[in-house]
Trainee: 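Got a structure here, written out as structure tokens. Questions coming.
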Amino acid sequence: MQALAVFPSQKRFGLLDIPEPQLSGATQVLLRLCEVGLCGTDREIASFEYGDPPSGADHLILGHESLAEVVELGREVRSLKRGDLVVAMVRRPCPHAECRACRAGRPDFCVTGDYTERGIKGADGFLTDYVVEDEKYLVRVPRALADVAVLVEPLSVVTKAADQAHAIFDRLSYDPGPQRGLVLGAGPIGLLGAMVLVANGFETLVYSRDSEESKPAELVRSLGAHYASSTIDPIEGLGTRWGQFDLIFEAVGFAPLMVGATQMLRANGVLALTGVPPKAATVELNAGRVLRDLVLRNQVVFGTVNAGRRDHLSAIQHLEQFMVLFPESVRTLITHRVPLDEVPQILTQKRGIKDVVEMTRAA
Ligand SMILES: [Zn+2]
Ligand SMILES: [Zn+2]
């Protein structure tokens, strides 16, 4: 069978033939991939900026946003049956006994950094026909979501952030009244963030560099949210024009915007950061003002990465809700579906909103 792999030491990527995997453990599951989503992380790995092959290998099979069908089960698998649709979680625990997060099944909170990630860091991904995975890393998805379930993995990153923000808002033991949300960035994560905010009753603004006539802007308006483009609204004037926000969800990774966002928070506001800026990004900062506000206005800034099982389950619930509230907007997120052999041509170009690789159609 074919797989799409990156060879970092040779600075190349392409299709290669690999043997079909077989079950070798009682809790393993053989999966046939239906779809695999591509994102900025894949483009970074294909540009050799990021990503590590499994130890001892010269290549990494790409793909971490999976949707697959169960075709064969190890004899001790209890939670799944043949024909189930599943999404695989991405991160796998580190080997260290002292890492309580990994030992407790939450490698998304790993403290050692020695975790692996399928398709990203030290473990092969899902851009191939069949993979074997342990039952405990699989999350079952309702068939009714088949045509959009490839969004569960990226959405789980958003729901992890949203559920943490919710836990912070729980400190207010009174009804704070109507809440306002700002999303920075209109890529797939930002747009999914806007959907979560709208679904949770926030009056929502999405701010991005895409023009007011762009597809993402149209999608935002289709949710009943507002859209502002940095081509018209420079960041300095955003607060004057749009006011301040209770929850800001950042999905850009642009350091000046991440720091500037603190100045757009209302009292008791929460800023969730999910973008990853380059290490060398420096920003001039009035630290006194930012820190003063954090203290005197009870503000919280937190970063969040990856997701655990409960975040995937929350993502599935949210996706079900989205398919009632704005099904066409959700479908519009997936702008292209391509077969595996076309991936090498499109991998490093950003086009549309979300590219999805069609492996086999969900039956
Ligand atoms: Zn991704
Ligand atoms: Zn760990």
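Just the heavy atoms: all of them, side chains too, but no hydrogens, waters or symmetry mates, feed the values below. Indexing begins at 1, ligand by ligand and atom by atom, following the structure's order.
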Trainee: If you round to 10 degrees, what value do you get for the angle at the Zn ion (ligand 2) between Cys99 atom SG and Cys94 atom SG?
Mentor: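 It comes to 110°.
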Trainee: Counting only heavy atoms not in Arg297, do more than 12 fall under 6.0 Å of its CZ?
Mentor: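 Yes - once you tally the heavy atoms of other residues, nucleotides and ligands closer than 6.0 Å, there are more than 12.
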Trainee: Identify whether the distance between the nearest side-chain nitrogen and carboxylate oxygen of Asp311 and Arg106 falls below 4.0 Å.
Mentor: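 Answer for the salt bridge query: yes.
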Trainee: Assess whether atom CZ of Arg82 is packed by more than 12 heavy atoms of other residues, nucleotides or ligands within 6.0 Å.
Mentor: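 No, the 6.0 Å shell around CZ holds no more than 12 heavy atoms from other groups.
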Trainee: Is the distance from the Zn ion (ligand 1) to some N, O or S atom of Glu65 under 2.8 Å?
Mentor: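 Yes.
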Trainee: Under 2.8 Å from the Zn ion (ligand 2), can any N, O or S atom of Cys110 be found?
Mentor: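 So Cys110 does bind the Zn ion (ligand 2) by this criterion.
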Trainee: Below 4.5 Å, heavy atoms only, C-beta onward: do Arg351 and Ile346 meet side chain to side chain?
Mentor: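 When only atoms from C-beta onward are counted, Ile346 and Arg351 do touch, with a gap below 4.5 Å.
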